[in-house]
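Here is how names work: the chains are called A, B, and so on, in the same order as the sequence lines, proteins then strands, and each is numbered from 1.
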Number of protein chains: 2
Amino acid sequence: MARTQGSHSDITGPRIREAALRLFAQHGYAAVSMRQIAKEVGVQAGALYNYTPDKQSLLFNLMAGHMAELQAAWDSVPQADSALERLRAFTGFHIRFHLERPDAVFIAYMELRNLTEENFTVIESLRRDYENGVEGILKQGVEQGVFAIPDTKIATLAVIAMLNGVNTWYRSEGRLSLDEVERVYWGMVQKAVST
Amino acid sequence: MARTQGSHSDITGPRIREAALRLFAQHGYAAVSMRQIAKEVGVQAGALYNYTPDKQSLLFNLMAGHMAELQAAWDSVPQADSALERLRAFTGFHIRFHLERPDAVFIAYMELRNLTEENFTVIESLRRDYENGVEGILKQGVEQGVFAIPDTKIATLAVIAMLNGVNTWYRSEGRLSLDEVERVYWGMVQKAVST
DNA sequence: CTTTTTTCTGAACGTTCGTTCAGTTATTGT
DNA sequence: ACAATAACTGAACGAACGTTCAGAAAAAAG
């Protein structure tokens, strides 16, 4: 046997990335074998190497793709004038974006240590870009006198860490709707940074 | 060769656990081999099995030990009467305890997926116990009218997630002292939950 | 000093790992 | 219809994996 019926790189490629994403998130990069990914897709392990030069690149591309998506999505959110309104928009955006991609988020935060040094540097840089955007809002708020925070960098990381926590417990079948979750978190974020 | 000079279980045992803790935190449980741990300690891989029945137990015992320490340490902190003061004490305790054990904390949060089902249940239960203690403070504060939070469970997780974030960036050589970090975070926590 | 116990070595077990590649089949282009 | 290309199989490579165990050396007990 060789090429299979209906096989096409436009189909197999995405399916490999999806399977890898799910398995990496579930069991961890190091614990998942190329053969497991291949089995999920329905091909032999060797076939994966038509789509990625190696396992490490597979991980890196998933993470880099996620960070790029995150930044692009946030960039496309219209920015209000007031820092308060911009922070509110960010809170909602961040919660929703992350809840829609729990696996990618999990990997982006947990598999940093399994990246090679160069790949790690790239991902870290992308993350810093995103964080700097948030810090910009906080700085603006401080200048405008609506936010009272002794250290915008720490506050940035604290806010993001708090919002990221949603992914650890939120279940769509749970007792709270997305809107309610957003409202609760916005309440806390707002109070935490306001004067 | 066989038993080596100066070898003693009181020394080798702890050294194995320390090496495993550090390596698991650095590279991840699945990515670390028993031979790597053994090399770090200066013994052959087979010698590890005098101290743990298998690799999984090594991980579980590290995590369970950490959670037990955490709970015991918090239990030994004297509790004030007012919810505000109790929450302040918790904030300081949590930050300091976690910053003193970055590796153990990292493992306890990141390696849950590498536990067997039964072991996972045990660790999760220990974590819930700890979280319930915090939620108790928030509930008390709501009853006393000093805290305004629509959902104490979410607020608990949000506060803990925010505080845990410290471990991702804090370096003892950094520009902020432990006291300053504690003050900054307490400011945000306090405002986030207060009326 | 002799015996017992503790601690470790070194080799080996079967299994799985990431990766490569010649060959085969399905699809696409002419 | 045939030729060219794209997609995949199946077997193989050496290396590394967790774990076991008989035996040897050091330490402790007598």
Side-chain angles (χ1 to χ4, degrees), chain A residues 1-21 23-24 26-63 107 111 113-119, chain B residues 1-21 23-24 26-63 107 111 113-119:
Chain A
M1 293 176 233
R3 180 167 189 173
T4 54
Q5 273 202 16
S7 64
H8 198 292
S9 64
D10 290 349
I11 298 172
T12 307
R15 289 193 61 202
I16 288 175
R17 285 185 289 273
E18 286 162 21
L21 188 76
L23 289 172
F24 287 165
Q26 199 157 85
H27 308 291
Y29 170 77
V32 174
S33 70
M34 295 299 266
R35 284 174 178 81
Q36 280 178 58
I37 299 172
K39 190 168 197 174
E40 198 84 357
V41 177
V43 297
Q44 295 295 317
L48 301 184
Y49 291 85
N50 291 327
Y51 300 91
T52 182
D54 47 42
K55 194 186 175 189
Q56 167 74 203
S57 302
L58 191 51
L59 174 63
F60 171 73
N61 285 325
L62 287 174
M63 294 176 71
I107 289 174
E111 301 294 357
R113 59 189 172 181
N114 283 310
L115 290 173
T116 62
E117 206 176 302
E118 336 154 28
N119 287 345
Chain B
M1 295 174 233
R3 178 166 188 174
T4 53
Q5 273 201 17
S7 64
H8 198 293
S9 66
D10 290 350
I11 298 170
T12 308
R15 288 193 62 202
I16 288 175
R17 283 185 289 275
E18 286 162 21
L21 188 76
L23 289 172
F24 286 166
Q26 200 157 84
H27 307 291
Y29 171 77
V32 174
S33 71
M34 294 300 266
R35 285 174 178 82
Q36 281 177 58
I37 299 172
K39 189 168 199 175
E40 197 85 356
V41 177
V43 297
Q44 294 297 315
L48 302 184
Y49 291 84
N50 291 328
Y51 301 91
T52 181
D54 47 41
K55 194 186 175 189
Q56 167 74 203
S57 302
L58 190 51
L59 174 63
F60 172 72
N61 285 326
L62 287 175
M63 294 176 71
I107 290 175
E111 301 294 356
R113 58 187 173 183
N114 284 312
L115 291 173
T116 62
E117 208 178 301
E118 336 154 29
N119 286 345

Legend entry - Side-chain (B/Y29) to main-chain (B/Q56) donor-acceptor, under 3.5 angstrom: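 Pair found, side chain donor or acceptor close to backbone of B/Q56.
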Measure the distance from [atom1] on [X] to [atom2] on [N] and round it to the nearest whole Å.
{"X": "A/L48", "N": "C/dC17", "atom1": "CG", "atom2": "C1'", "value": "13 Å"}
{"X": "B/K39", "N": "C/dG10", "atom1": "NZ", "atom2": "C1'", "value": "16 Å"}
{"X": "A/Q44", "N": "C/dG23", "atom1": "CD", "atom2": "C1'", "value": "15 Å"}
{"X": "B/N50", "N": "C/dT6", "atom1": "CG", "atom2": "P", "value": "11 Å"}
{"X": "A/I11", "N": "C/dA26", "atom1": "CD1", "atom2": "P", "value": "16 Å"}
{"X": "A/I37", "N": "C/dT16", "atom1": "CD1", "atom2": "P", "value": "17 Å"}
{"X": "B/D10", "N": "C/dT7", "atom1": "CG", "atom2": "P", "value": "8 Å"}

Atom [atom1] in [X], atom [atom2] in [Y]: separation rounded to 0.5 Å?
{"X": "B/Y51", "Y": "B/R17", "atom1": "OH", "atom2": "CZ", "result": "9.5 Å"}
{"X": "B/M63", "Y": "B/N119", "atom1": "CE", "atom2": "CG", "result": "9.0 Å"}
{"X": "B/N61", "Y": "B/L21", "atom1": "CG", "atom2": "CG", "result": "12.5 Å"}
{"X": "B/L23", "Y": "B/E18", "atom1": "CG", "atom2": "CD", "result": "11.5 Å"}
{"X": "A/Q36", "Y": "A/F24", "atom1": "CD", "atom2": "CZ", "result": "9.5 Å"}
{"X": "A/I16", "Y": "A/L48", "atom1": "CD1", "atom2": "CG", "result": "4.5 Å"}

Under 3.5 Å, which protein N or O atoms sit close to an N or O of nucleotides 27-30 of chain D? Give each pair with its distance.
unit_1: D/dA27; atom_1: OP1; unit_2: B/G6; atom_2: N; d: 2.7

Legend entry - Distance below 4.0 Å between A/T12 side-chain N/O and D/dC8 OP1 or OP2: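 Yes, because at least one side-chain N or O of A/T12 sits under 4.0 Å from OP1 or OP2 of D/dC8.
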Legend entry - D/dC8 phosphate, OP1 or OP2, under 4.0 Å from A/Y51 side-chain N/O: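 Result: yes.
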Inset, instruction - Taking all heavy atoms of A/G6 and all of A/I11, pick out the closest pair and write down the distance. - result: O-CD1, 4.2 Å
Legend entry - Footprint string (nucleotides 14-21 of chain D, 5' to 3'): B base within contact, S backbone only, - free, heavy atoms under 4.0 Å: ---BBBB-
Legend entry - Electrostatic pair B/E111:A/R113 at N-O distance under 4.0 angstrom: yes
Inset, instruction - With the side chain of B/A2 defined as its heavy atoms from C-beta on, choose the nearest nucleotide among D/dT9, C/dT7, D/dA25. - result: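 Selected nucleotide (nearest to the side chain): D/dA25.
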